[in-house]
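Structure, as structure tokens:
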There are 2 protein chains.
Amino acid sequence: MQPTIPLAKFLPYQLSITSNAVSGRIAQEYRQRFGLSVPEWRVMAVLGDSGALTQRDLTQRTLMDKVAVNRACKVLEERGLAARTPNAQDGRSHHLDLSDAGREMHGQIMPLAREMERRVFAGFSAEELDAFSSLLLRVRGQVGDLDGDTIDSRNFGIV
Amino acid sequence: MQPTIPLAKFLPYQLSITSNAVSGRIAQEYRQRFGLSVPEWRVMAVLGDSGALTQRDLTQRTLMDKVAVNRACKVLEERGLAARTPNAQDGRSHHLDLSDAGREMHGQIMPLAREMERRVFAGFSAEELDAFSSLLLRVRGQVGDLDGDTIDSRNFGIV
DNA sequence: TATTGTCGGTTGCATAGGCAACTACCTTTG
DNA sequence: CAAAGGTAGTTGCCTATGCAACCGACAATA
């Protein structure tokens, strides 16, 4: 046993390595089973639930960089999992929606996602998870308040 | 207000974006004030607390990739913040320790780190933070159990 | 309607980060 | 002590990610 290491007590550090571990584990699963990256999966998850959206909508709902959204959409389209249709209201953007194949895959992915969430957070009560969730939300709010140059959290009802 | 989006309720997702927000905020601070990356800062934090260590020790204590540790060490040495001395016990490795300049910087950084932690987690009780910390630890344990191919958490007293 | 500013989407570039292979050295086994 | 296998550190490569600049289209103002 080593002496107490302050870094290990540093909460941002704990948060970072835990998040990395969880994300890495989940990313590995999606990659192996579906060949999807995390950004691609996120876009699919939102599309499958919301129906056709523009990339702008997707950046808002996923909180990802618009470039990340763009690239994920491009891949999904190339793989035939999603299709773009012109946006009559705005010539700059398209409506992106899942294809039948994409919807089929979405149907397989979401149960897997829930299952992985269940396993990773196994052994916690609903109260603990609620508290955890709300703490994450409040922390995010704190950082947003401190940090003027990033996303404006007031724009996101979903956060 | 948008309809409820499942992605926003997905705990791994919440964890990820919160961690990114916190890490990004902190990384920005270290970069601006000291020109340090997060890996570099982590190495400094451990070195400043533990005294001379090998890169192997540092990879264990920071949980970073050995390449990340190596590169951080190289930068610190080039900047004169740390120095390597031969390891009499093992010709393959060196003992790395902070220089006077590095120790000086360490003395400035650690209070800043604590201050940022305090601000990011402002408004939470000690009990909440303890619960949060132990939940992160348990989640990390779960992922480690599920995931055979990454780090072996049993090696790390610090985790 | 011409101008100016803004916005969605795209591309290019620059950086970070991880994996795999390699070197030099250590350790174990016969 | 020779051989075989393992380990610390290093380098190169490849991918992921983000920013900044750009293009075409919309919006506001005159």
Side-chain angles (χ1 to χ4, degrees), chain A residues 16-17 19-21 23-28 30-32 35-43 52-78 82 84-96 147 149-152 155, chain B residues 16-17 19-21 23-28 30-32 35-43 52-78 82 84-96 147 149-152 155:
Chain A
S16 172
I17 63 175
S19 172
N20 283 348
S23 293
R25 182 67 182 76
I26 291 180
Q28 172 194 347
Y30 290 144
R31 169 155 314 237
Q32 281 179 359
L36 289 178
S37 70
V38 168
E40 286 151 24
W41 171 75
R42 285 182 179 170
V43 167
L53 295 173
T54 65
Q55 290 187 19
R56 180 182 177 281
D57 295 331
L58 286 166
T59 54
Q60 285 191 173
R61 302 201 189 201
T62 59
L63 298 190
M64 296 192 301
D65 190 276
K66 65 179 180 176
V67 180
V69 169
N70 182 335
R71 293 199 257 246
C73 290
K74 200 194 297 186
V75 171
L76 293 180
E77 191 181 29
E78 284 166 359
R84 296 180 217 232
T85 55
N87 180 352
Q89 280 76 45
D90 190 332
R92 294 170 297 180
S93 65
H94 322 274
H95 286 299
L96 195 87
D147 188 2
D149 66 358
T150 53
I151 51 179
D152 184 351
N155 292 339
Chain B
S16 172
I17 62 175
S19 172
N20 282 348
S23 293
R25 182 66 182 75
I26 291 180
Q28 174 194 346
Y30 290 143
R31 170 155 313 240
Q32 281 178 359
L36 289 178
S37 70
V38 168
E40 286 152 23
W41 171 76
R42 285 181 179 171
V43 167
L53 294 173
T54 64
Q55 289 187 18
R56 179 180 177 282
D57 296 330
L58 286 165
T59 54
Q60 285 190 174
R61 303 202 189 200
T62 59
L63 298 188
M64 296 193 301
D65 190 276
K66 66 178 180 175
V67 180
V69 169
N70 181 327
R71 292 200 259 246
C73 290
K74 200 194 298 184
V75 171
L76 293 180
E77 191 180 30
E78 284 166 358
R84 295 180 218 232
T85 55
N87 180 353
Q89 279 75 46
D90 190 332
R92 294 169 298 182
S93 65
H94 323 274
H95 286 300
L96 195 87
D147 187 0
D149 65 358
T150 52
I151 51 180
D152 184 351
N155 292 340

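Order of the sequence lines fixes the chain letters, A, B, ..., with proteins taken first and strands second; residue numbering starts at 1 for each chain.
Applying the salt bridge (charged side-chain N to carboxylate O under 4.0 Å, His left out) test to every pair with at least one member in residues 84-94 of chain B, sequence neighbours left out, gives these pairs: Glu77(B)-Arg84(B), Asp90(B)-Arg92(B).
Applying the side-chain hydrogen bond (donor to acceptor under 3.5 Å, both in side chains) test to Asp57(B) and every residue at least two apart in sequence or in another chain returns Thr54(B).
Between Asn70(A) and dG9(C) there is no side-chain polar atom (N or O) within less than 4.0 angstrom of OP1 or OP2. Regarding contacts with the backbone of dG24(D), every side-chain N or O of His94(A) stays at 4.0 angstrom or more from both OP1 and OP2. At the phosphate of dC26(C), neither OP1 nor OP2 sits under 4.0 Å from any side-chain N or O atom of Gln89(B). For Gln55(A), no side-chain nitrogen or oxygen approaches OP1 or OP2 of dC7(C) to under 4.0 Å.
Between Arg71(B) and Pro39(B) the shortest side-chain heavy-atom distance does not fall below 4.5 Å. Leu36(A) places none of its side-chain heavy atoms less than 4.5 Å from the side chain of Val75(A).
The distance from the CZ atom of Arg42(A) to the CZ atom of Arg61(A) is 16.0 Å, given to the nearest 0.5 Å.
Judged by distance alone with a 3.5 Å cut-off, no donor-acceptor contact links the side chain of Arg92(A) to the base of dC26(D).
Computed from coordinates, the Gln60(B) CD to dT7(D) P distance equals 12 Å when rounded to whole Å. Per the geometry, CG belonging to Leu58(B) stands 12 Å off C1' belonging to dG9(D), to the nearest Å. One interatomic measurement links the two molecules: CE of Met64(B) to C1' of dT10(D), which rounds to 16 Å at whole-angstrom precision. For the pair Asp57(B) CG and dT7(D) P, the interatomic distance rounds to 15 Å; values are reported in whole Å. Per the geometry, CG belonging to Leu53(B) stands 11 Å off P belonging to dG9(D), to the nearest Å.
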How would you summarise protein contacts on nucleotides 13-23 of chain D per nucleotide, using B for base, S for sugar-phosphate only and - for none, with heavy-atom distances below 4.0 Å? ---SBBBB---
Let me see the working for Glu40(B) and Leu76(B) under side chain to side chain contact (heavy atoms under 4.5 Å, CB included), right down to the final yes or no. CA-CA 7 Å; Glu40(B) 286 152 23; Leu76(B) 293 180; 4.2 Å; yes
Val38(B) vs Ser23(B), side chain to side chain contact (heavy atoms under 4.5 Å, CB included): CA-CA, chis, key distance, verdict: CA-CA 8 Å; Val38(B) 168; Ser23(B) 293; 5.9 Å; no
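Residue contacts for Asp90(B): at a heavy-atom cut-off of 4.0 Å it reaches the sugar-phosphate backbone alone, with no base atom in range.
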